[in-house]
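All of these numbers come straight from a predicted model, not from anything done at the bench.
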Amino acid sequence: MVNEISIGMAKSGRRAWALDDVALVPSRRTRSPRDVSLDWQIDAYTFSMPVIGAPMDSVMSPATAIALGRLGGLGVLNLEGLWTRYENPEPVLEEIAHLQAKEVSPENTRRLQEIYSEPIKAELIKARLAEIREAGVVVSGSLTPQRTQEFYQTVVDAGVDMFVIRGTTVSAEHVAQQGEPLNLKEFIYELDVPVIVGGAAGYTPALHLMRTGAAGVLVGFGGGSATTTRRALGIRIPMATAISDIAAARRDYLDESGGRYVHVIADGGLGSSGDIVKALAMGADAVMLGATLARAEEAPGRGWHWGLEAVHPDFPRGHRTQVGTVAPLEEVLVGPGHHTDGSSNLMGGLRHAMASCGYVDLKSFQRVDVTVTPAAGSF
């Protein structure tokens, strides 16, 4: 049922819900958390947790991608980031961590833009991916749609197990007056490895992305707490509604394609274990985590979090946000936790929520009952 609200005589809009607006309802049956499986499989790859590390320089370095892989998740390296622009990015990361200690700062933004004006180097893309491969974990890297055409052959030659195309919003059909736009369907067919693509925030654009052959679709605009896309572009889709809409596209595409399953991956605004729980309850198969992993002691951002949106050369729309440091990566993800706010032992929180509601695997958990209670100020 579509809930249309009149805005004025000439315009109406759907009522959409954020994750803060929904909550799970336990069923008549509970289980032991020890009986719960968090295994997630996409294409030929199986992971022991439904977690993807966001391709952001404050979150994923080659070392943290390897560490996440060894813990059972998937780390995605930003192939347009500092690790592919600088032979040794550690001094640059140290400088970024010691910029002015405030979010809104034109001086900080100007310096970030200067730092990211260093050209991307194909040889560093190959070297960083090779470092991850040598560790024996699943190798994954990310490019924006604008850079994919330029560097995808380098990525193919370097060898990835899974490839991510991630932007503020990605469409299956991009119309341009100048230059040759990326043909997603042709590109995915030629790449011959699983491709995860997004962001998408609605049923129709997600369905079209699924028809390109993508293995997974990212829901949301990425960036989470580090992005100002809503204020800068006026674009925002509350995540609970977005995930549910795209889960419906997955269901319909499964019928349309004769059984091809495309994974729905929530990306952005997942600041606690409770947010992760609700994203999966809404229909997501996995989550892409940024700020929650940027709080790990090993995170390259050193307690600060930012994305490529913040360093756009013409129209930056993101902050360098202070998220602090919580605990080592292992404790953040699998515990044991020592925080009561859902910032550590994220998978323990998910496991307990599933057990409390009587579910033993992620797919069945998508059927959990929920309530809608608008959060204060969400209208």
A.B. asks: Around atom OH of Y45, are there more than 12 heavy atoms of other residues, nucleotides or ligands at under 6.0 Å?
C.D. replies: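 Enclosed: over 12 neighbouring heavy atoms sit under 6.0 Å from OH of Y45.
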
A.B. asks: What are the two closest heavy atoms between L270 and A279, and how far apart are they?
C.D. replies: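 In terms of heavy atoms, the two residues are closest at CD2-CB, 3.9 Å.
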
A.B. asks: Salt bridge (Lys or Arg N to Asp or Glu O under 4.0 Å): which pairs involve residues 104-117, sequence neighbours left out?
C.D. replies: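 Sorted result for residues 104-117: E95-R111, R111-E114.
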
A.B. asks: What I want to check is whether the side chains of E298 and T64 have a donor and an acceptor closer together than 3.5 Å.
C.D. replies: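 Distance-only check fails for E298 and T64.
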
A.B. asks: Measure the CG-CD1 distance between L82 and I120 for me, rounded to the nearest 0.5 Å.
C.D. replies: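 Going from the CG atom of L82 to the CD1 atom of I120 covers 10.5 Å.
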
A.B. asks: If you measure only the distance, is there a donor-acceptor pair under 3.5 Å linking the side chains of T321 and H305?
C.D. replies: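 T321 vs H305: no donor-acceptor pair found between side chains.
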
A.B. asks: Out of curiosity, does L191 fall in the hydrophobic cluster containing L209 (side-chain heavy atoms, cut-off under 4.5 Å, transitive links)?
C.D. replies: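 In one cluster with L209: L191, yes.
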
A.B. asks: Determine which pairs satisfy side chain to side chain donor-acceptor pair (under 3.5 Å) with at least one residue from residues 123-143, sequence neighbours left out, and list them in order.
C.D. replies: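 Applying side chain to side chain donor-acceptor pair (under 3.5 Å) to every pair that reaches into residues 123-143, excluding sequence neighbours, yields nothing.
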
A.B. asks: Give me each pair satisfying salt bridge (Lys or Arg N to Asp or Glu O under 4.0 Å) with a member in residues 299-308, each pair once, sequence neighbours excluded.
C.D. replies: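 Qualifying pairs, neighbours excluded: E90-R302, E94-R302.
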
A.B. asks: Return the OG1 to CD distance between T46 and Q41, rounded to the nearest 0.5 Å.
C.D. replies: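 One finds 3.5 Å between OG1 of T46 and CD of Q41.
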
A.B. asks: Is R14 paired with D245 through a side-chain N to carboxylate O contact shorter than 4.0 Å?
C.D. replies: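 Between R14 and D245 there is a salt bridge, with a charged N closer than 4.0 Å to a carboxylate O.
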
A.B. asks: Report the C-alpha distance between S12 and E4 in whole Å, list the side-chain angles of each, state the deciding distance to 0.1 Å, and finish with yes or no for side-chain hydrogen bond (donor to acceptor under 3.5 Å, both in side chains).
C.D. replies: CA-CA 6 Å; S12 62; E4 289 280 349; 3.3 Å; yes

A.B. asks: Could you give the distance from NE2 (H263) to CD1 (I52), rounded to the nearest 0.5 Å?
C.D. replies: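 CD1 of I52 is found 10.0 Å from NE2 of H263.
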
A.B. asks: Any ring-ring contact (aromatic ring centres under 6.0 Å, His included) pairs touching residues 123-164, not counting sequence neighbours?
C.D. replies: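 Passing the test, one end in residues 123-164: Y152-F187, F163-F187.
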
A.B. asks: Name all pairs fulfilling the side chain to side chain donor-acceptor pair (under 3.5 Å) condition that reach into residues 348-365, sequence neighbours left out, sorted by first residue then second.
C.D. replies: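 Residue pairs passing side chain to side chain donor-acceptor pair (under 3.5 Å), neighbours aside: Y261-K363, D361-S364, K363-Q366.
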
A.B. asks: Apply side-chain contact (heavy atoms from CB on, under 4.5 Å) to A63 and list each qualifying residue two or more places apart in sequence or on a separate chain.
C.D. replies: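 For A63, the residues satisfying side-chain contact (heavy atoms from CB on, under 4.5 Å) (neighbours in sequence not counted) are S61.
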
A.B. asks: A side-chain contact here means heavy atoms from C-beta on lying under 4.5 Å apart; do S244 and M239 qualify?
C.D. replies: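 No, too far: nothing below the 4.5 Å cut-off.
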
A.B. asks: Taking all non-hydrogen atoms of both residues into account, name the closest pair between A294 and V59 and its distance.
C.D. replies: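 It is CB-CG2, 4.0 Å.
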
A.B. asks: Are more than 12 heavy atoms, taken from residues, nucleotides or ligands other than Q113, located less than 6.0 Å from that residue's CD atom?
C.D. replies: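 Correct, the count exceeds 12.
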
A.B. asks: Measuring from atom CH2 of W304 to atom NE2 of H98, what distance do you get when rounded to the nearest 0.5 angstrom?
C.D. replies: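 Interatomic distance, W304 CH2 to H98 NE2, rounded to 0.5 Å: 10.5 Å.
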
A.B. asks: Any carboxylate oxygen within less than 4.0 angstrom of a Lys/Arg side-chain nitrogen, looking at R211 and E256?
C.D. replies: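 A salt bridge is present here (some side-chain N lies under 4.0 Å from a carboxylate O).
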
